[in-house]
Enquirer: 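Dropping a structure here in structure tokens format, bear with me for questions.
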Amino acid sequence: MPPKFAEDLDRAAAAQIMSNPRLAANPALVSMLQGKLGSLVGRSSGYIESLPADVRRRVAGLKGVQKEHSKLEAEFQEEVLQLEKRYFAKFTPLYQKRAAIVNGATEPSEDEVKAGEKTEEEAAAAAAAAAAEEEGEEGTAGAKKDTEKAEEKPSEPVKGIPEFWLSAMKNQVSLAEMITDRDEEALKYLTDIRMEYLDRPGFRLIFEFADNEFFTNKTITKTYYYQEENGYGGDFIYDHAEGDKINWKPGKDLTVKIESKKQRNKNTKQTRVVKKTVPTESFFNFFNPPSPPAEDEDATSDIEERLELDYQLGEDIKEKLIPRAIDWFTGEALQYEQLDDFDDGEFEDEDDEDEDDLAGGGASSKDDDEEDESDSDEEGDGPKPNKEAAECKQS
């Protein structure tokens, strides 16, 4: 391919990606493309210069027209943001009422209960019809039985809705993958999740907690900043995120674990226990976001993945969890998730690897015991994480 056409394709492809809000929000990708485009600046393919003077004048005129178009695009995005803020002000009283009901400060009105029951009846009828179609009368009877069971009242009074936010988060796929068994004990004290817009482009997530045994913070926030200048299509471009420092109580830091290793001296045969603190999987790592690479640094695949995941989690909380928390609590929101976005080719079986570990693990452990009587003995680590955090796509 001639260099002229290759450069033109580079420019066109990069511009197309920068105009896509889903891709433009990826800070690592933006940084890479800016570097690519920067290397093309000032390098002419020679085609425009070869055009007749009057044609070049018209091309310049079209660039002027496009500049006006870009201004309108930026105005459009700004007006969309202002519209979001106006409606967010209308949503806020509803969020406050939700928090009061969840935490037992108030009870829902009769009208609100009736409206919710009507929604439940409609959903139950649809579920029963689907079950009857698939399983016949047995499915309908099962749905009816479940409904009757749900109407049973608890024997003791319960304040608010216990573990509301923890349950909602565990039903949100991208968040559930980050929550470990140890995290759940702390997230049970989560009383509300809110967000607010910044004076500059960006938003802040606010997590409110009741008094607990893990940390002293009443609120833990995370702020997402966008670049001051708009992207190619007028969209806001993600810049970076900053999280609050968590003031952990002694021995309660969920983002680390204590590893103990017993070592034996080869000469004296005496043993000693060596302990060290190492990072571990935890939802609370969310508040210590990765930093984008500097302009003169190349983004590694690990950094790119972490930045993408971090940005996506913030967007999921802002756009999905907070507005429809009750639907995530009940699990109804799951039916609207596009879980089929994952390609089977992205996953591979690990059976062979597990079998290799089982087959070869015994021999290596025996050899290691000659110097270390135990490879690792974790203290206070509790149960292991449920899953490894998977790569998450932009939305």
Side-chain angles (χ1 to χ4, degrees), residues 163 165-167 169-170 172-190 193 205 207 209-222 241-265 271-291 300-303 305-310 312-314 317 350 353-354 356-358 360-362 364-392:
E163 302 180 14
W165 285 103
L166 172 58
S167 300
M169 291 171 67
K170 290 176 66 177
Q172 216 290 319
V173 179
S174 58
L175 293 175
E177 292 175 340
M178 297 182 62
I179 298 174
T180 70
D181 292 340
R182 296 171 62 199
D183 292 334
E184 290 189 22
E185 294 303 314
L187 291 174
K188 289 178 181 179
Y189 294 95
L190 185 56
I193 302 179
L205 300 175
F207 293 71
F209 290 87
D211 292 338
N212 61 81
E213 61 182 289
F214 296 94
F215 42 78
T216 59
N217 306 64
K218 299 298 182 185
T219 62
I220 307 177
T221 70
K222 184 170 182 179
E242 298 176 4
D244 282 347
K245 178 183 177 181
I246 301 177
N247 300 316
W248 297 101
K249 294 181 179 180
K252 294 295 184 178
D253 190 343
L254 298 174
T255 64
V256 298
K257 62 182 178 181
I258 306 298
E259 286 188 349
S260 298
K261 180 178 290 187
K262 186 181 292 185
Q263 296 180 337
R264 175 177 295 175
N265 188 293
T271 61
R272 66 174 182 175
V273 177
V274 179
K275 295 183 178 181
K276 62 178 180 179
T277 301
V278 296
T280 189
E281 298 282 348
S282 172
F283 167 78
F284 290 93
N285 289 323
F286 173 73
F287 298 101
N288 184 25
S291 300
T300 64
S301 58
D302 178 62
I303 290 295
E305 182 176 341
R306 290 173 60 197
L307 287 168
E308 184 179 359
L309 175 60
D310 183 72
Q312 186 60 57
L313 287 171
I317 294 172
E350 297 183 352
E353 181 180 345
D354 293 338
D356 291 341
D357 290 342
L358 291 174
S364 60
S365 297
K366 184 176 181 180
D367 293 339
D368 293 342
D369 285 344
E370 292 181 1
E371 295 183 8
D372 298 338
E373 291 191 353
S374 61
D375 290 334
S376 177
D377 179 20
E378 298 173 5
E379 293 183 357
D381 187 32
K384 297 289 185 180
N386 294 328
K387 303 178 181 176
E388 293 290 338
E391 180 178 351
C392 201

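Computation of the quantities below employed the complete heavy-atom set of this structure, encompassing side-chain atoms and omitting hydrogens, waters and symmetry-equivalent molecules. Values in this document were obtained by computation on a predicted structure and should not be read as measured data.
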Enquirer: Does any part of the side chain of Asp310, heavy atoms only, come nearer than 4.5 Å to the side chain of Arg306, both counted from C-beta?
Expert: no

Enquirer: Would you give the length of the straight line joining atom CD1 of Ile220 to atom CZ of Phe215, rounded to the nearest 0.5 angstrom?
Expert: 4.0 Å

Enquirer: Would you give the length of the straight line joining atom OG1 of Thr219 to atom CG of Asp244, rounded to the nearest 0.5 angstrom?
Expert: 6.5 Å

Enquirer: CG of Leu190 to OG of Ser167: how many Å apart, nearest 0.5 Å?
Expert: 11.0 Å

Enquirer: Do you know which two heavy atoms are closest between Leu313 and Leu175, and how far apart they sit?
Expert: CD2-CD2, 3.8 Å

Enquirer: Can you measure from CD (Glu163) to CE (Met169) and round to the nearest 0.5 angstrom?
Expert: 12.5 Å

Enquirer: Heavy atoms only: give me the nearest Leu254-Ala186 pair and the separation to one decimal.
Expert: CD1-CB, 3.7 Å

Enquirer: I need the minimum non-hydrogen distance between Ala241 and Lys222, along with the two atoms involved.
Expert: CB-CE, 3.9 Å

Enquirer: Asn217 and Phe209: which non-hydrogen atoms are nearest, and at how many Å?
Expert: O-CB, 4.3 Å

Enquirer: For residues Phe207 and Trp165, establish whether the separation of their ring centroids is below 6.0 Å.
Expert: no

Enquirer: So Trp248 and Thr255, side-chain contact (heavy atoms from CB on, under 4.5 Å) or not? Walk me through it.
Expert: CA-CA 10 Å; Trp248 297 101; Thr255 64; 4.0 Å; yes

Enquirer: Is it true that the side chains of Thr180 and Asp183 contain a donor and an acceptor less than 3.5 Å apart?
Expert: yes

Enquirer: Enter the distance from Lys275:NZ to Lys262:NZ here, rounded to the nearest 0.5 Å.
Expert: 11.5 Å

Enquirer: If every non-hydrogen atom of Tyr189 is compared with every non-hydrogen atom of Glu213, which pair is closest and at what distance?
Expert: OH-OE2, 4.0 Å

Enquirer: State the CD1-CD distance between Ile317 and Gln312, to the nearest 0.5 angstrom.
Expert: 10.5 Å

Enquirer: Using side-chain heavy atoms (C-beta onward) and a distance below 4.5 Å, is Phe284 in contact with Leu187?
Expert: yes

Enquirer: Would you call the rings of Phe287 and Phe283 parallel, tilted or perpendicular, taking 30° and 60° as the class edges?
Expert: perpendicular

Enquirer: Do NZ/NE/NH1/NH2 and the carboxylate oxygens of Arg182 and Glu185 come within less than 4.0 Å?
Expert: no

